[in-house]
Amino acid sequence: MTEQFCTDKDSVAGGYSIFADLHTHTVYSHGKGSVEDNVRAAKFRGLSQIAITDHGIRHPLVGVSRKKFPAMRADVQAAEQKFGIRVMLGIEANIYGMSGQIDLSEEDIAQLDIILAGFHASARPEKPSDIALFQANLLAGRMGKSSKAQIERNTKAYINCVKRFPVDVLTHPGFWLQLDTYELGKACADYGTYIEISSRHRVPDRESLEGFMKSGAMFVINSDAHRVQDVGRWDYAVRLAAEAGLEEDRIANAGNKPLVLRSKS
Ligand SMILES: [Zn+2]
Ligand SMILES: [Zn+2]
């Protein structure tokens with residue numbers, strides 16, 4: 001098991017002491033490893049915490065139904081016991097309409113340890129009128145050529161989500177769609193939602209990160225690993241954060257501080 005990790009020198013966290021990977025996928029959605037595999041990798045990387053965050057039900061084909069939660073919880077508890085690090089069970093929910101709606105019920109939120117939410121262009125829209133939100137982003141958003149009105153709509157959908165739901169982390173903001181990062185960051189700062197710097201999707205870019213930084217928002221650095229060997233890898237994210245001068249104090253999963261989660265406080 002060690003061989004697949006040992007050749008990799010990119011995991012060094014460029015000056016930041018990151019203690020948790022809060023965004024990893026397993027075979028419950030379309031990750032390659034089991035819960036145990038991801039936790040073993042986190043332990044190997046020297047992390048003290050990891051979250052298992054498979055996709056919400058609206059993600060086509062791979063979204064996890066709540067019927068699977070008990071089995072996932074059992075796996076999480078077994079791995080926590082086996083490896084002696086904190087293992088959280090979460091979901092990466094889909095933001096699937098202008099209303100900011102996510103695909104988790106209040107009951108789901110209460111029983112999960114951490115709530116992530118992000119926009120996935122393939123998710124099923126809430127209403128016919130939301131189809132435009134998805135279609136426009138599939139085209140212009142992907143190419144970085146959204147209109148001002150589209151950027152305002154995207155930002156509003158995210159802000160609605162942050163206001164309505166106790167989301168701990170907004171995943172890969174800027175992937176598939178463009179946002180007003182300053183306005184969104186202000187809402188996240190007000191409500192206690194963290195902005196993810198994603199190594200997998202390489203977002204936000206430098207300019208977007210600076211917009212978030214000016215807003216006063218807090219951040220997390222995550223792998224969004226879909227393969228076991230990517231757990232705890234954040235080379236893009238740490239490089240970008242360091243270049244932009246992001247202080248460790250503003251990274252919720254780094255430094256010598258407890259992890260504070262909005263959904264649990
Ligand atoms: Zn995602
Ligand atoms: Zn993900």
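FYI, side chains are in, hydrogens and waters are out, and symmetry mates aren't considered; it's all heavy atoms of this structure. Counting starts at 1 for both ligands and their atoms, following the listed order.
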With side chain to side chain contact (heavy atoms under 4.5 Å, CB included) as the test, pick out the partner of M88 among I50, T53, D168, L259. L259
Using a cut-off of 2.8 Å, count how many protein N, O or S atoms are strictly closer to the Zn ion (ligand 2). 4
Sorted by chain and number, sequence neighbours left out, side chain to side chain donor-acceptor pair (under 3.5 Å) with S199 holds for none
Does the side chain to side chain contact (heavy atoms under 4.5 Å, CB included) test come out yes or no for E196 and L170, once each step is laid out? CA-CA 6 Å; E196 178 180 75; L170 283 183; over 6 Å; no
Sort and list the pairs that fulfil side-chain hydrogen bond (donor to acceptor under 3.5 Å, both in side chains) and have at least one residue in residues 58-69, not counting sequence neighbours. R66-D108
Salt bridge between E152 and K156, side-chain N to carboxylate O under 4.0 Å? no
What side-chain donor-acceptor pairs closer than 3.5 Å can you find for residues 179-192, not counting sequence neighbours?
unit_1: D180; atom_1: OD1; unit_2: Y182; atom_2: N; d: 3.2
unit_1: D180; atom_1: OD1; unit_2: E183; atom_2: N; d: 3.1
unit_1: T181; atom_1: OG1; unit_2: S208; atom_2: O; d: 3.2

